[in-house]
A.B. asks: 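This is the structure, below, for whatever I ask next.
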Number of protein chains: 2
Amino acid sequence: MSAQTIQADAIGLVEVHTFQHGGPLVLQNGATLQNFELVYETYGQLNSARDNAILICHALSGHHHAAGRHHPDDAKPGWWDACIGPGKAIDTNQFFVLSLNNLGGCHGSTGPKTINPETGKAYGPDFPQVVVRDWVTSQAKLADHLGIETFAAVIGGSLGGMQAMQWAIEYPDRVRSCVIIAAAAKLSAQNIAFNEIARQAIVSDQNYLDGRYEEADKIPNRGLMLARMIGHVTYLSDDGMGNKFGREVKSGEFDQDESIEFQVESYLHYQGRAFSKYFDANTYMLMTHALDQFDPARGHAGDLAEALSAAQARFLVLSFSSDWRFSSQRSQEIIDALITARKNVASAVVESEHGHDSFLLPLTRYTTIMKTFLQRVLDEMREGGA
Amino acid sequence: MSAQTIQADAIGLVEVHTFQHGGPLVLQNGATLQNFELVYETYGQLNSARDNAILICHALSGHHHAAGRHHPDDAKPGWWDACIGPGKAIDTNQFFVLSLNNLGGCHGSTGPKTINPETGKAYGPDFPQVVVRDWVTSQAKLADHLGIETFAAVIGGSLGGMQAMQWAIEYPDRVRSCVIIAAAAKLSAQNIAFNEIARQAIVSDQNYLDGRYEEADKIPNRGLMLARMIGHVTYLSDDGMGNKFGREVKSGEFDQDESIEFQVESYLHYQGRAFSKYFDANTYMLMTHALDQFDPARGHAGDLAEALSAAQARFLVLSFSSDWRFSSQRSQEIIDALITARKNVASAVVESEHGHDSFLLPLTRYTTIMKTFLQRVLDEMREGGA
């Protein structure tokens with residue numbers, strides 16, 4: 001065991017690394033990126049057998065900084081610090097955890113803000129539309145670079161869960177287990193509708209300028225704020241919001257706009273405004289389109305079981321009772337297909353009032369199930385077979 | 001019986017009337033309108049006892065034109081024509097139906113588009129914020145004008161249901177029965193959040209100009225379109241949208257924007273664009289604030305049963321299984337309070353996949369229940385007691 005076992009359950013300081021892929025990548029839409037970079041972080045130690053790696057796939061607004069802190073005085077740790085760390089659900093005492101910013105992202109990996117070598121200007125809206133499969137392909141290049149042949153687990157929530165599923169389909173022999181949380185095998189019409197409304201909010205911002213806002217030194221932050229507000233409401237549950245805010249009038253804790261009457265409005269303004277300061281509009285457009293387009297069954301006449309037939313991983317499919325953006329019914333469709341395809345699948349619907357955002361929280365039943373599942377994967381590896 | 005009984009179930013041509021209230025109206029917020037006009041329509045005949053009148057209260061985007069056609073070549077009849085007409089749920093062979101455009105509306109009644117006599121310019125954003133109680137007060141003035149002392153029924157869906165509830169509270173002796181459909185005794189935090197996002201979509205439109213767009217000869221139609229798209233998605237159900245659109249790609253039936261990929265996006269664009277051409281942004285702001293603020297229990301320490309204690313009406317409370325904007329749980333809160341207050345209440349949750357919009361549709365169980373309820377009210381009146 002590593003020295004980390006003597007720490008408490010905090011990872012401590014973490015560093016950002018950059019992977020340079022010094023060659024072309026042909027994307028699913030036919031476009032070619034001449035080269036690309038991915039920023040990533042790792043937590044825990046890769047063992048000598050190089051078989052204890054876990055890949056974390058992020059969701060719509062996520063990034064590589066999943067756990068720990070960059071500086072001792074960081075106000076907050078990474079976005080999934082509640083679940084990743086020594087002794088936590090994803091136990092860095094046992095696993096080597098890899099977390100990256102996806103291609104097309106806005107946190108350091110090659111994306112719309114990157115300089116396009118062909119024009120000398122940032123790609124902006126001309127960055128090619130990547131899809132979930134492109135992310136998986138580029139993540140595999142990073143795994144190659146790190147000498148990881150097989151992941152002990154690929155884990156993701158929401159859009160991250162879609163990547164985990166695609167991994168199991170695309171690289172059956174490189175994924176020992178696959179944890180799909182609060183996801184869906186494809187978006188529903190309502191899901192697509194909410195994404196389109198968020199996109200229209202961005203496009204309608206006078207500063208969006210067809211995505212060429214950086215050239216004009218503008219930022220479409222009203223549009224991004226609105227997009228985030230829409231997303232945020234749909235990530236929470238009616239009951240959860242009711243318990244958190246009810247019909248309380250604004251208290252001054254969040255935004256103080258004079259037009260605001262209720263605390264819930266104030267909170268949404270605050271969230272939306274904060275998001276608009278750190279997220280890129282072109283990345284938001286790209287990520288939501290990738291979400292809309294994910295549908296691994298499409299190439300199999302709509303038969304998801306058929307699409308999953310090649311997978312060899314042990315699956316864990318989790319959903320949350322109050323999540324209405326990616327409801328348990330959507331997870332059940334994945335579970336049903338896995339059963340039909342005769343795969344090894346465990347699943348649970350976790351009671352929670354926190355809606356879609358539940359997947360980010362250290363809910364006891366949720367973390368216990370995930371930790372136990374991963375421990376079993378490790379035990380099976382040690383016994384020499386999965 | 002009137003000559004209308006020999007017609008089919010269509011009302012035929014209807015006329016718009018205007019009620020001039022030639023005096024001041026003091027609003028709940030303390031502001032005074034020196035006078036006001038309400039446009040209205042009537043269907044069926046007021047009997048000699050003047051006791052067969054039904055008041056229809058409209059929802060957020062509704063208006064006075066609830067049934068029939070203004071011109072023989074109108075493409076569509078009024079918004080509730082499915083439920084109002086000879087032999088229909090609200091039977092114009094038996095009842096005299098009154099439908100008006102609310103104060104603050106944008107379809108002819110005094111509202112933001114009206115010239116403010118004090119400035120000689122349209123009120124615009126300076127039109128005073130009216131609330132549900134102000135609507136009920138102004139509707140009562142119209143009833144006085146028409147010589148209607150007591151309504152056989154006051155009926156409304158959504159925001160209209162809130163008006164019906166307020167009528168029963170405010171004028172106990174003027175409401176024989178009260179039909180509250182797909183409504184709530186107050187908005188939840190999630191409801192308020194969706195309204196605030198819609199308002200922010202309007203405010204963010206560069207043409208909104210703090211509501212002074214008419215003076216500048218502009219229309220914030222992008223903002224209105226977005227607001228309507230948000231509303232529309234929340235008025236439908238996930239399953240209903242799935243059955244209607246699934247993940248079909250756009251077909252050309254609706255909007256054809258080249259950025260559009262799925263049929264559901266195309267449909268929402270079409271709906272939003274159409275709405276932005278006939279609705280006024282300041283009215284939208286005003287109506288949503290009125291929705292947010294409705295809470296008759298507020299003056300009774302949050303006790304809805306106490307708020308309803310004065311009511312004398314027979315109540316019918318209806319909701320729809322797939323309505324998540326105003327769920328059956330919200331209706332149950334009203335029913336529970338009515339039971340606690342020892343009122344006469346019938347209720348039903350109608351199975352429907354059409355979400356909140358179900359209240360506009362002629363669903364068999366729904367219309368049968370409403371028709372039977374209203375027939376019983378009539379029978380009791382004829383027997384001389386309610």
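Proteins get letters first, then strands, A, B, ... in listed order; numbering begins at 1 in each.
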A.B. asks: Tell me, yes or no, whether the heavy-atom count around Glu351(A) atom CD, taken from other residues, nucleotides or ligands under 6.0 Å, exceeds 12.
C.D. replies: no
A.B. asks: Measure the spacing between CZ of Arg199(A) and CD of Glu265(B) and express it to the nearest 0.5 Å.
C.D. replies: 5.0 Å
A.B. asks: Strictly less than 4.5 Å between heavy atoms, which residues of residues 184-194 of chain B line up against chain A? Please order them by number.
C.D. replies: Lys186(B), Leu187(B), Ser188(B), Ala189(B), Gln190(B), Ile192(B), Ala193(B), Phe194(B)
A.B. asks: Only pairs of heavy atoms separated by less than 4.5 Å count here; which of Asp292(B), Asn243(B), Leu268(B) has the most with chain A?
C.D. replies: Asp292(B)
A.B. asks: Check each atom of Asp239(B) against the heavy atoms of chain A and say whether the ones under 4.5 Å are side chain, backbone, both or neither.
C.D. replies: side chain
A.B. asks: Below 4.5 Å from any heavy atom of chain A, which atoms of Ser327(B) appear? Answer side chain, backbone, both or neither.
C.D. replies: neither
A.B. asks: Would the number of heavy atoms belonging to other residues, nucleotides or ligands and lying under 6.0 Å from CD1 of Ile335(B) be above 12?
C.D. replies: yes
A.B. asks: Using 0.5 Å steps for rounding, measure from the CG atom of Asn221(A) to the OG atom of Ser204(B).
C.D. replies: 10.0 Å
A.B. asks: For each of Asp205(B), Leu236(B), Asp295(B), tally heavy-atom pairs with chain A at distances under 4.5 Å, and name the one with the top tally.
C.D. replies: Asp295(B)
A.B. asks: Do you know the tightest heavy-atom contact between Leu226(A) and Ala201(B)?
C.D. replies: CD1-CA, 3.5 Å
A.B. asks: Are any of the side-chain heavy atoms of Arg222(B) and Gln200(A) separated by less than 4.5 Å?
C.D. replies: yes
A.B. asks: Using a cut-off of under 4.5 Å on heavy-atom pairs, state which of Asp238(B), Ile230(B), Val264(B) scores highest against chain A.
C.D. replies: Asp238(B)
A.B. asks: Is it the side chain or the backbone of Gln293(B) that comes within 4.5 Å of chain A heavy atoms, both, or neither?
C.D. replies: both
A.B. asks: Can you say whether Arg330(A) sits under 4.5 Å from chain B via the side chain, the backbone, both, or neither, judging by heavy atoms?
C.D. replies: side chain
A.B. asks: Above 12 or not: heavy atoms from other molecules or residues under 6.0 Å from CD1 of Ile219(B)?
C.D. replies: no
